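To start, the structure itself, in structure tokens.
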Amino acid sequence: MKGLFSAVVASAIAGAFAAPSPVENGPITARAVAAPNAACATPVTLSGNPFSGRSFYANKEYSKEVVAAAASMTDSALQAKASKVAQVGTFLWIDTRARISVIEDNLKDVPCDSIAQLVIYDLPGRDCAAKASNGELAAGDIATYKSEYIDPIVAIFKKYPNTAIALVIEPDSLPNLVTNKDLQTCKDSASGYREGVAYALKQLNLPNIAMYIDAGHGGWLGWNDNLKPGATELATVYKNAGSPKQVRGFSTNVAGWNQWDLSPGEFSKATDAQYNKAQNEKTYVSLFSPQLKTAGMPSQAIVDTGRNGVTGLRLEWGDWCNVKGAGFGVRPTSSTSDTLTDAFVWVKPGGESDGTSDSSATRYDSYCGKDDAYKPAPEAGTWNQDYFVALIQNAKPAF
Ligand code: BGC
């Protein structure tokens, strides 16, 4: 671990003494060279693409998991690749109140040239249309969500005004209210999701933060009949929050498997393909973004490319659990060649499970038992070493 970081710092310093390229004269790099690991000297105000010109901070929690995973490998070539994964900047999921305790240790070391990335994920009645990620708060417990989850997070963020932070807000929640609204569990969660997300947006609206509200993926809100209701759902919550300035748009493909621009698209031959023009995420962004804009919400996207390296693995588009044969995808970057998409990001930390394959577990979801799901798999969020190895071996581009 130490070795890894010092190698990175060493090359940054070496770069500083080489003939400076025009880019190296830019203000962010100049500050970083002066003190490579220091936060900015003055408060950060994010406007425009927050990822542009910044590195994606590799949080310590994922790095630790990956370094431990590498240490238990016997194949040195694989080990070397795993060490590279430890340097990738992924999102840090704050999926319980207890998890709030790791935030400061990560924020305090984010260099001025970088952006920290976190997922806000603890709504009451979480994951209402599935079981694998049911959370700690019962539907209806919005008071606890506000006072014991959002408020303490806001208090920590307020201590780090000089650090750039990107947030994904509550994956799957509002999309579930669009397409699974008839399920009793989603009916029970609906008002809490809307109130909780609005509260989060309002309270987290700090100058150094950029927020993206989750919008599922092309195979979810991308159906012709879902685009407008989806955009209306997100925009209504955004407006109820008072149209917070630091909301930048939406996230797609979080923990997902869809390709960015594969044409004609993985499920284009399916019998119902005529009802969905969003056959890849690029098209989904191009269709959803204008709808959001019309509905009155900022409409820039970030797209999770963490595990979409391999195509053609799913039996059905909706299969979401530990898809077998998957590989890491394009590394986080703000070079997307798409004006609507701020960045390709790694939201799901590859190697952490989507859900347990143990059919006797309380949170067992049958999707995790399907033929295209990798087994055995541990509880959602916990480490699956064999799956991680496969993600490396199947990575595209390769490590
Ligand atoms: C789990 C979370 C976990 C996240 C990232 C979700 O599916 O429910 O507990 O933090 O994945 O791995």
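Predicted model only: the values in this text are computed from it and were never measured. Order of listing sets the numbers, starting from 1, for every ligand and every atom in it.
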**OP:** Answer yes or no: is there a donor N or O on one side and an acceptor on the other, between the side chain of Q246 and the main chain of L204, under 3.5 Å?
**Re:** no

**OP:** Could you see which bit of A255 sits under 4.0 Å from ligand 1, with heavy atoms only: side chain, backbone, both or neither?
**Re:** neither

**OP:** Considering only non-hydrogen protein atoms, determine which one is nearest to atom 11 (O) of ligand 1 and report residue, atom name and distance to 0.1 Å.
**Re:** K348 NZ, 2.9 Å

Subject >> Nearest-contact summary for atom 12 (O) of ligand 1 - protein heavy atom, Å >> reply: E352 OE1, 2.4 Å

Original post:
With a 4.5 Å limit on heavy-atom distance, are the side chains of W257 and R307 in contact?
Top reply: yes

Original post:
Nearest heavy atom to atom 7 (O) of ligand 1: which of G355, S133, A132 does it belong to?
Top reply: S133

**OP:** List the steps, then state whether side chain to side chain donor-acceptor pair (under 3.5 Å) holds for D151 with Y199.
**Re:** CA-CA 10 Å; D151 291 354; Y199 186 79; 2.6 Å; yes

Original post:
Is N208 reaching over with its side chain to a backbone N or O of Y160, donor-acceptor style, under 3.5 angstrom?
Top reply: yes

Subject >> Option passing side chain to side chain donor-acceptor pair (under 3.5 Å) with W220 (candidates T179, N176, N226) >> reply: T179

Original post:
Which ligand 1 atoms are under 4.0 Å away from a heavy-atom of Y121?
Top reply: 8 (O)

Original post:
Considering only the protein, which heavy-atom contact is closest to atom 9 (O) of ligand 1, and what is its distance?
Top reply: D95 OD2, 2.5 Å

Subject >> Distance filter under 4.0 Å to G381 heavy atoms, resulting ligand 1 atoms >> reply: 3 (C), 12 (O)

**OP:** Below 4.0 angstrom from a heavy atom of P349, which ligand 1 atoms are there? Numbered from 1 as shown, please.
**Re:** 5 (C), 12 (O)

**OP:** Calculate, to the nearest 0.5 Å, the distance between atoms CG and OH belonging to N322 and Y367 respectively.
**Re:** 14.5 Å

